[in-house]
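Below: the structure, in structure tokens.
Position 1 is the first residue of the sequence; numbering continues from there. All of these numbers come straight from a predicted model, not from anything done at the bench. Keep in mind that the numbers below use all heavy atoms, side chains included, and drop hydrogens, waters and symmetry copies.
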Amino acid sequence: MTLLEISDLEIKYGTQNGSIHAVNGVSFTVDEGVNYGLAGESGSGKSTAAEAILGLLPDNGSITGGEVLYKGQDLLSLSEQERRDILWEEIAYIPQSAMDALDPVMSTGAQIRQAIQTHRNVSKTKARERVRELYDLVGLDPKRIDDYPHEFSGGMRQRVTIAMALALEPDLIIADEPTTGLDVIVQDKIIETILDIQDRVDSSLLLITHEIGVIAETCDELSILYGGKVMEQGSTGNVLINPTNPYTMGLKNSFPEIESGTDDAVSIPGSPPNLNTPPTGCTFVDRCPFADETCEGSHPDFVDLPNRNQRSACHHVDRAAQIRRDACQPETWGVETTGEDTHTEQDVILSVSDLEKHYSQSQSLIDQFRGNEPSKVRAVDGVSFSVSRSEILGVAGESGCGKSTLGETIALLEEPTGGEILFDGKSVEEYQKDGMKQFREKAQIVFQDPFDSLNPRMTVWQLVSEPLKIHDRSPSDREAVVRETLERVGLTPPSKFLDQYPHELSGGQRQRVAIARALVLDPDFLICDEPASMLDVSLKVNLLNLLRSLADEENIGIIYISHDLASLAQVSDQLAIMYLGKIVEIGETDRVVETPHHPYTERLLSATPEKDPSIDRERVTLDGEPPNPIELPSGCVFAPRCPKAQDECRTVDPQLESTVTDDHSAACFFPIEKEAVDRTSSSD
């Protein structure tokens, strides 16, 4: 039975510069018991389509055509009250940002209880009992229903929104990027929780995401959207294993895989189309390497593929097999291959020894009077490593492991509380005395969110030229340097961007402006803190390729901080795994990925999704949450969650020591001893 049917949906937004045609004739159906995925780059229209189903379009958004039928009932013709009766009761919503979705001044349990009592005539006591059941269902402690959102971690807040969505056992759950920005272990838990609960309540799922791997492991069917149109749709296995549309091929190729190592990633060049007018030709024509005059003349109709649950909007479906072979080659998409690895050992640019950053907690007056030592959060606790010129060190770990604090401390945005930092052979203490301007010129940091790091009132020209003014570079040279730097980061032609403000740029373009601002002084060292966590997959690959080329061609040392192990495996020379302020494993990236020795590293690797639906990934679950950082357990800090832990692990803190080779170390008394980790097994 068909649960949800979308037919020729058209949506546009009114702006000061005219209309934006965000959705242009999208059609798909979700049957009972089916998990359906909507994938595509940012701006493809997938979230807008979901907002139309839910009646959550902003004031400037309007539906100009098409139908949205739920169990045969036209949702677009319902009054606000009639729609409200269906939402939550039969259609539930899991939003992208749990912190924004939850009321910060209400306890989490009260918010779910409110949703229950709005739709059910039950007492407060009965509603609270139901909330406790839901908390237990999603893996939260039922005793915490009176806690507030800020008292939960990001993954726990997302589970609260899942519990709220499931409170009334809906028939359809719409999840909009439910795992974006979460580390791989939390992402794995969230997806596993959603799937497990679906089985219990027998609901269908509409999953909106740019993560191909999450859809491959979660959904039965999917649609690939681009420029407000469906490019390809059908069963997940058929579409992802044998794609017939060049856009699907490019999107799949852009998804980084751990096994590919530092092979050249194949990304889609260019940017999504301008939708100020409805597309006349194929909406992908400007970025497609296989486009011809036919593609420029009209957008292709759907072609149903024989003997498959699959159809594609492409003029050249008849030669899809050859296009698929060509699409796997980087040269097809204009990517220059680097050939053999030419990386050689260079001079060490950064050396960190026993680095510490501890935060003292506030004390009561009684404790202060008694002279008690304040409790401390050991955000960075005895970290040591070095980075050479032309080398990228990847730093990975769960949220809260201390990796961002490590980057900020090295950048001297946080004052170290212990240890030593040598930069370019000179102690940072010397820089702090009389050379901070010189240090800032040589070492730059790129933050996670360009919305926060770029001044919204400054143009691209002002943002990128400002460091040149601060460091007294010649005014006559500034324009040439700014233009050259924008070209280096792929913002071409520079004249197109100089007068634009951050809000006029896409997410990928804003992050490139942030990188250009960091590069304009020609630094020797870059610290990149989660710079791609909010970018869709093709933009992420473009950014990774940019950083790799900067290291290789500009002789820059880079620390790349991320929770995305697949991206780190692609771009990094060395990989460090952090857990609660400590490095628990470090070594050459290939060695760490192929033969991890620490149980925590193994869990991180196993939580990375596969983009091939025919592969069954072996989930090595990691139970529990990291311990309270103020009251760390004795011995190994990972012992409370480690299945291999023994008495020694709970009493003695293991040190980082070489395991099999001198360039691969792990802090574990009982390291994993096997030649390589088999993360997958084929499913017949």
>> Using a 3.5 Å distance criterion without hydrogens, assess whether the side chain of E594 forms a donor-acceptor pair with backbone atoms of V592.
In response: no
>> Assess the residue pair I410 and I527 against the criterion (side chain to side chain contact (heavy atoms under 4.5 Å, CB included)); give the C-alpha distance rounded to whole Å, side-chain angles, the decisive distance to 0.1 Å, and a yes or no.
In response: CA-CA 9 Å; I410 292 171; I527 300 168; 3.8 Å; yes
>> My understanding is that only residues two or more places apart in sequence, or in another chain, count here; which of them pass salt bridge (Lys or Arg N to Asp or Glu O under 4.0 Å) with E41?
In response: R287
> Is there a donor-acceptor contact under 3.5 Å from the side chain of R157 to the main chain of F152?
Replying inline: yes
>> Any donor-acceptor pair under 3.5 Å linking the side-chain atoms of Y600 with those of E398?
In response: yes
> Counting distance only, does the side-chain N/O of R389 pair as donor-acceptor with the main-chain N or O of I349 below 3.5 Å?
Replying inline: no
> Just wondering, do S634 and T651 contact through their side chains at under 4.5 Å, heavy atoms?
Replying inline: no
>> Parallel, tilted or perpendicular, judged at 30° and 60°: which one describes the rings of F423 and F525?
In response: perpendicular
> Is there side-chain contact between V395 and I559, with at least one heavy-atom pair below 4.5 Å?
Replying inline: yes
> Are Y501 and V460 side-chain neighbours, meaning at least one heavy-atom pair lies under 4.5 Å?
Replying inline: no
>> Nearest 0.5 angstrom please: Y148 OH to L102 CG, how far?
In response: 13.0 Å
> Have E602 and H597 got a donor and an acceptor in their side chains that come within less than 3.5 Å?
Replying inline: no
>> Could you walk me through whether H598 and Y579 satisfy the ring-ring contact (aromatic ring centres under 6.0 Å, His included) test, starting with their C-alpha distance in whole Å, then the side-chain angles of each, then the deciding distance to 0.1 Å, before giving a yes or no?
In response: CA-CA 11 Å; H598 198 284; Y579 185 77; 8.0 Å; no
> Does the side chain of Q574 come under 3.5 Å of the side chain of E588 through a donor N or O and an acceptor N or O?
Replying inline: no
> Under the 3.5 angstrom rule, does the side chain of T601 hit a backbone N or O of P596 as a donor-acceptor pair?
Replying inline: no
>> With a 4.0 Å cut-off on N to O distance, would you call R517 and E466 a salt bridge?
In response: yes
>> Assess the residue pair M578 and L406 against the criterion (side chain to side chain contact (heavy atoms under 4.5 Å, CB included)); give the C-alpha distance rounded to whole Å, side-chain angles, the decisive distance to 0.1 Å, and a yes or no.
In response: CA-CA 10 Å; M578 284 191 72; L406 173 65; 3.8 Å; yes
>> As a test of understanding, state which of D524, I392, L519, D522 forms a side chain to side chain contact (heavy atoms under 4.5 Å, CB included) with I556.
In response: L519
> Side chains of Q158 and T161: donor-acceptor distance under 3.5 Å anywhere?
Replying inline: yes
> Does CD in Q361 sit with more than 12 non-hydrogen atoms of other residues, nucleotides or ligands closer than 6.0 Å?
Replying inline: yes
> Does the side chain of V520 come within less than 4.5 Å of L468's, by heavy atoms?
Replying inline: yes
> So, does S390 use its side chain to make a donor-acceptor pair with the main chain of A551 at under 3.5 Å?
Replying inline: yes
> Are E479 and R483 ion-paired here, with the side-chain N under 4.0 Å from a carboxylate O?
Replying inline: yes
> Counting N and O atoms only, with roles assigned by atom type, does the side chain of Q462 sit under 3.5 Å from a partner on the main chain of T459, one being a donor and the other an acceptor?
Replying inline: yes
>> Contact between P494 and V482 at the side-chain level, heavy atoms closer than 4.5 Å - yes or no?
In response: no
> Is the backbone N or O of E151 less than 3.5 Å from a side-chain atom of R144, with the two atoms forming a donor-acceptor pair by type?
Replying inline: yes
> Do any N or O atoms from the side chain of Q511 and from the backbone of P531 form a donor-acceptor pair under 3.5 angstrom?
Replying inline: yes
>> Is there a side-chain contact between L350 and L422 in this structure, where contact means two heavy atoms from C-beta onward sitting under 4.5 Å apart?
In response: no
>> Quick check for you: to the nearest 0.5 Å, what is the distance between E487 atom CD and T485 atom OG1?
In response: 9.5 Å
>> One pair to check against side chain to side chain contact (heavy atoms under 4.5 Å, CB included): R478 and W461. What are the steps and the verdict?
In response: CA-CA 10 Å; R478 289 175 191 168; W461 159 255; 4.2 Å; yes
Indicate every side-chain donor-acceptor pair of residues 433-442 with a distance under 3.5 Å to a residue at least two apart or in another chain.
residue: K437; atom: NZ; partner: I470; partner atom: O; Å: 3.1
residue: K437; atom: NZ; partner: D472; partner atom: OD2; Å: 3.1
residue: R440; atom: NH1; partner: A411; partner atom: O; Å: 2.5
residue: R440; atom: NH2; partner: L412; partner atom: O; Å: 3.2
residue: E441; atom: OE2; partner: R473; partner atom: NH2; Å: 2.4
residue: K442; atom: NZ; partner: D424; partner atom: OD2; Å: 3.2

> Is the number of heavy atoms from other residues, nucleotides or ligands within 6.0 Å of CG (D499) greater than 12?
Replying inline: no
>> Is there a side-chain contact between F670 and E648 in this structure, where contact means two heavy atoms from C-beta onward sitting under 4.5 Å apart?
In response: yes
>> More than 12 heavy atoms of other residues, nucleotides or ligands under 6.0 Å from NZ of K426: yes or no?
In response: yes
>> Closer than 3.5 angstrom, by distance alone: can the side chain of T589 be matched with the main-chain N or O of S572 as a donor-acceptor pair?
In response: yes
> Any donor and acceptor pair, going by atom type alone, linking the side chain of K357 with main-chain N or O of E415 inside 3.5 Å?
Replying inline: yes
> When you check the side-chain N and O atoms of S404 and D529, is any donor under 3.5 Å from an acceptor?
Replying inline: yes
> Less than 4.5 Å apart, any side-chain heavy atom of L486 and any of T492?
Replying inline: no
> Looking only at side chains, do T417 and E356 share a donor and an acceptor under 3.5 Å apart?
Replying inline: no
